[in-house]
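Here is how names work: the chains are called A, B, and so on, in the same order as the sequence lines, proteins then strands, and each is numbered from 1.
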2 protein chains.
Amino acid sequence: MDIDPEILFRALGDTTRQRCLVLLQQEGELCVCELTHALDAAQPKISRHLAHLREAGLVSDRREGLWIHYRLNPALPEWVRTVLRATAEGVAGHPPFASDKAALSRMPDRPFSRDWA
Amino acid sequence: MDIDPEILFRALGDTTRQRCLVLLQQEGELCVCELTHALDAAQPKISRHLAHLREAGLVSDRREGLWIHYRLNPALPEWVRTVLRATAEGVAGHPPFASDKAALSRMPDRPFSRDWA
DNA sequence: ACAATATATATCAAGTACCATATATTTTCG
DNA sequence: CGAAAATATATGGTACTTGATATATATTGT
């Protein structure tokens, strides 16, 4: 799989998309309503940014009933994974990324249990 | 030193700036005319993109006579260095990055000798 | 002080990106 | 089939980005 670096970094160049990617990296798989809640953002906004990430090849999606689960695209080249990992580690402690994770874990009635160490 | 990830990735989201950063990473330090030659681009275009990188905190500059040498900002946080290194390694073999390096080494009358293994 | 060279900045037009709101689509359940 | 829930897309407005061209600034040597 090949990723155009211009498309990659333009996709990374928006805070909303960064926050989604960092959460996906930390949580593995999330549906739109979880991201919407974690970021406290309007649903169409999240949906459109996820579409952007999907078109850039960064995430893949999987439907399960009403829900659509997003995850990092498993076919990403290693250097892109390194970029995403370094970024997630670099920003994890700073706002708004730290509170996103907290908000997600506080979400009531999460549609799926995602128990993985 | 702190780098805002949105500013970082927007700076990386342009092919011209990527090419400059990859060359700077490979060569250590380059003046504007070298970058202009390597990318075969107009001088004001290179100058403006370098200004963008400087304002984003990614590069620093040093004047020596008529020339201004640019280099990666030595104060970059480690995660940003990792991002830049992974990117440079990931794209080095692909166009236009590969030919940029070749064009630079073919440049006649390069203003400085930069001998470092 | 003047000319030449390297680099920087200004301007304008064209394209692009983002947000908020409204609306459409898809799936499940009764 | 109709309603409800989750997600996706469309629209319009505003703001940012980019490139090309022209011009300005800074430094050196004569």
Side-chain angles (χ1 to χ4, degrees), chain A residues 4-21 23-24 29-56 58-71 96 104 107-112, chain B residues 4-20 23-24 29-56 58-71 96 104 107-112 114:
Chain A
D4 178 299
E6 182 157 14
I7 289 177
L8 164 66
F9 289 118
R10 280 184 194 272
L12 290 175
D14 175 275
T15 303
T16 301
R17 291 192 292 271
Q18 288 167 17
R19 293 164 76 186
C20 290
L21 286 171
L23 277 177
L24 288 174
E29 199 177 46
L30 293 170
C31 65
V32 179
C33 62
E34 288 174 309
L35 289 164
T36 300
H37 183 277
L39 305 205
D40 190 27
Q43 175 268 322
K45 177 171 172 174
I46 298 295
S47 221
R48 191 167 32 76
H49 283 295
L50 287 171
H52 189 141
L53 292 172
R54 187 180 348 105
E55 285 153 20
L58 295 181
V59 302
S60 60
D61 62 317
R62 163 179 82 84
R63 181 181 275 279
E64 181 176 355
L66 286 175
W67 296 270
I68 300 190
H69 303 269
Y70 283 86
R71 70 172 77 195
L104 176 61
M107 177 177 178
D109 302 316
R110 273 177 80 174
F112 300 87
Chain B
D4 178 296
E6 184 157 14
I7 289 176
L8 164 66
F9 289 118
R10 279 185 195 272
L12 291 174
D14 175 276
T15 302
T16 301
R17 291 192 291 271
Q18 288 168 17
R19 293 164 77 185
C20 290
L23 277 177
L24 289 174
E29 200 177 46
L30 293 170
C31 64
V32 180
C33 62
E34 289 174 308
L35 289 164
T36 300
H37 184 278
L39 305 206
D40 189 28
Q43 175 267 322
K45 177 171 171 175
I46 298 295
S47 222
R48 191 165 35 75
H49 282 295
L50 287 171
H52 188 141
L53 291 172
R54 184 178 353 102
E55 285 152 20
L58 295 181
V59 302
S60 60
D61 62 317
R62 164 179 81 84
R63 180 181 276 279
E64 180 176 357
L66 287 175
W67 296 269
I68 300 190
H69 304 270
Y70 284 87
R71 71 172 77 196
L104 176 60
M107 178 177 179
D109 303 314
R110 273 177 80 174
F112 299 88
R114 308 176 182 284

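Following rounding to the nearest Å, B:E55 (CD) and C:dT9 (C1') show an atom-to-atom distance of 11 Å. Remark: P of C:dT26 and CG of A:D61 are 14 Å apart, rounded to the nearest angstrom. Between A:E34 atom CD and D:dA6 atom P the separation is 11 Å, expressed in whole Å. Atom CG of A:L30 is separated from atom P of D:dT7 by 11 Å (rounded to the nearest Å). With rounding to whole Å, A:L12 atom CG is found 14 Å from C:dA17 atom P. When the P atom of C:dC18 is taken as reference, atom CZ of B:F9 falls 15 Å away, rounded to whole Å. Between A:E6 atom CD and C:dT16 atom P the separation is 11 Å, expressed in whole Å. When the P atom of D:dA8 is taken as reference, atom NE2 of A:H52 falls 15 Å away, rounded to whole Å.
For the pair A:Y70 and D:dA8, the criterion of a side-chain N or O lying under 4.0 Å from OP1 or OP2 is met.
With contacts defined as side-chain heavy-atom distances shorter than 4.5 Å, the pair B:L53/B:H49 does not qualify. Side-chain atoms of A:L23 and A:L39, non-hydrogen and from C-beta on, do get closer than 4.5 Å to each other. Side-chain contact between A:R110 and A:C31: absent, with no pair of heavy atoms (C-beta onward) separated by less than 4.5 Å.
Nearest-nucleotide positions on DNA chain D for A:R10 and A:V32 put A:V32 closer to the 5' end. Comparing A:I68 and B:G13 by the nucleotide of DNA chain D that holds the closest heavy atom to each, the one mapping nearer the 5' end is A:I68.
With hydrogens and angles left out, the side-chain atoms of B:Q43 and B:T36 include no donor and acceptor closer than 3.5 Å.
For the atom pair CE (A:M107) and CG (A:L35), the distance works out to 9.5 Å, reported to the nearest 0.5 Å.
The main-chain N or O of A:G65 is found under 3.5 Å from a side-chain atom of A:R63 such that the two form a donor-acceptor pair.
The overall bend of the helix from C:dA1-D:dT30 to C:dG30-D:dC1, read as the angle between its terminal helix axes built from five base pairs each, is 20° when rounded to 10 degrees.
The minimum heavy-atom distance linking B:Q18 with B:L12 is given by the pair NE2-O, 2.7 Å. Counting all heavy atoms, side chain and backbone alike, B:A38 lies closest to B:L104 at CB-CB, 3.8 Å.
Using the six-membered ring where Trp is involved, A:F112 and A:H69 have ring planes that are perpendicular, over 60° apart on the 30 and 60° scheme.
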Practice prompt. List the protein contact pattern of nucleotides 19-30 of chain D with one symbol per nucleotide (5' to 3'): B for base contact, S for sugar-phosphate-only contact, - for none; contact means a heavy-atom distance under 4.0 Å.
Written response: B-BB---SBS--
